[in-house]
Amino acid sequence: MDSRRDVLHLKLVSGKTTGASSSDSSSEEEIQSTLFPMAIPSQMVFINTARLIRANSFIDLLEEVTPKSVIDLRPVPRFDFCGLNRTTAFDLFERYALNYVDVTGLQGITSKHHEGLKPETMVHFLKDILEAVGKPSEGPLVFLFDNDELMFLAAEIFPGEIKQPPQGKWQVFVR
């Protein structure tokens, strides 16, 4: 069994434009596909909220991915980004009928240096939480981070440790 995980990353793709003249058809323009992946039940999406800078980025994430659960792994969960506030964020969670879980709050973690933030430690607690909120292998699942190092490490560890979805292995998207 291959221990490496396929991690998807955003990339800019080039596409040829079509035009009436031959000189137009040879020019290239940059094409950016959707910012977030389409909803796939076997998907884990790892997001560093510090990277969500466009006004509707978080709303776009919820609309395009349609997660079953948003799992917050930030020591201090904040929603004052993308023009949001805590009340608006929780209104969105209710509107989209998703589970929001403040994992660090449940564990009493308030410092970014806490040992419990290590993904290899966190995943055991996380498995219990996913069991409590419903089907642990039902996705998509969105994980919120404020630290790139922890986010990338979690993207490597979580898919192999959290129960596989019925559709096969977890597909990982990191943003």
Side-chain angles (χ1 to χ4, degrees), residues 5-13 30-106 109 112 117 119 122-123 125-127 129-130 132-159 161-175:
R5 300 279 174 240
D6 294 327
V7 179
L8 303 176
H9 296 278
L10 288 178
K11 66 180 179 178
L12 192 60
V13 295
E30 298 297 321
I31 300 170
Q32 174 76 43
S33 63
T34 183
L35 183 59
F36 300 107
M38 304 221 10
I40 301 170
S42 61
Q43 186 173 63
M44 288 185 170
V45 179
F46 295 81
I47 301 289
N48 184 334
T49 57
R51 296 181 187 279
L52 297 176
I53 54 174
R54 201 171 48 81
N56 290 328
S57 295
F58 192 68
I59 296 168
D60 291 347
L61 167 71
L62 297 180
E63 288 177 350
E64 293 176 24
V65 175
T66 62
K68 297 292 183 197
S69 297
V70 172
I71 299 146
D72 203 332
L73 299 162
R74 301 171 296 165
V76 182
R78 297 174 43 179
F79 292 97
D80 58 347
F81 56 87
C82 300
L84 295 176
N85 59 43
R86 192 166 188 78
T87 302
T88 306
F90 280 89
D91 287 346
L92 289 168
F93 299 155
E94 187 175 332
R95 180 185 320 152
Y96 294 111
L98 57 86
N99 297 307
Y100 170 79
V101 183
D102 174 7
V103 174
T104 56
L106 291 171
I109 297 171
K112 64 181 182 178
L117 277 177
M122 181 83 59
V123 73
F125 186 74
L126 191 56
K127 287 194 279 190
I129 289 172
L130 289 171
V133 298
K135 298 176 183 171
S137 61
E138 188 175 313
L141 302 175
V142 170
F143 298 92
L144 303 179
F145 290 86
D146 59 6
N147 176 300
D148 276 343
E149 183 180 347
L150 292 176
M151 179 181 69
F152 285 113
L153 187 55
E156 291 291 324
I157 294 172
F158 290 3
E161 295 291 328
I162 294 174
K163 184 178 177 184
Q164 297 294 313
Q167 301 83 2
K169 69 178 190 171
W170 288 108
Q171 295 181 33
V172 177
F173 177 84
V174 178
R175 169 79 168 95

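Predicted model only: the values in this text are computed from it and were never measured.
Shortest non-hydrogen contact noted between Lys127 and Glu161 is CD-O, 3.1 Å. Pairing each heavy atom of Arg74 with each of Phe145, the nearest pair is CG-C, 3.5 Å. Taking every heavy atom of both residues into account, Thr66 and Glu63 meet most closely at CG2-O, 3.3 Å. Nearest heavy atoms, Gly139 versus Lys68: O-CG, 3.2 Å. Considering every non-hydrogen atom in both Asn85 and Thr88, the closest pair reads OD1-N, 2.7 Å. Shown here for Pro77 and Asp102, the closest heavy-atom pair between the two residues is CG-OD1, 3.5 Å.
Side-chain polar atoms of Asp60 and Ser57 form no donor-acceptor pair below 3.5 angstrom.
Proximity of Met122 to Leu150: side-chain heavy atoms (C-beta onward) are nowhere separated by under 4.5 Å.
A donor-acceptor pair under 3.5 Å is absent between the side-chain atoms of Gln43 and the main chain of Trp170, judged by distance alone.
Taking 4.0 Å as the cut-off between side-chain N and carboxylate O, Asp146 and Lys112 do not count as a salt-bridged pair.
Under the side chain to side chain donor-acceptor pair (under 3.5 Å) criterion, Arg86 pairs with no residue at all, not counting sequence neighbours. Legend: residues meeting side chain to side chain contact (heavy atoms under 4.5 Å, CB included) with Leu153, ordered by chain and number and at least two apart, are Pro119, Glu120, Ile157.
Only one option out of Ile129, Leu130, Leu144 pairs with Ile71 in a side-chain contact (heavy atoms from CB on, under 4.5 Å); it is Leu130.
The aromatic rings of Phe93 and Tyr100 lie parallel to each other, their planes meeting at an angle below 30°, with 60° marking the opposite boundary.
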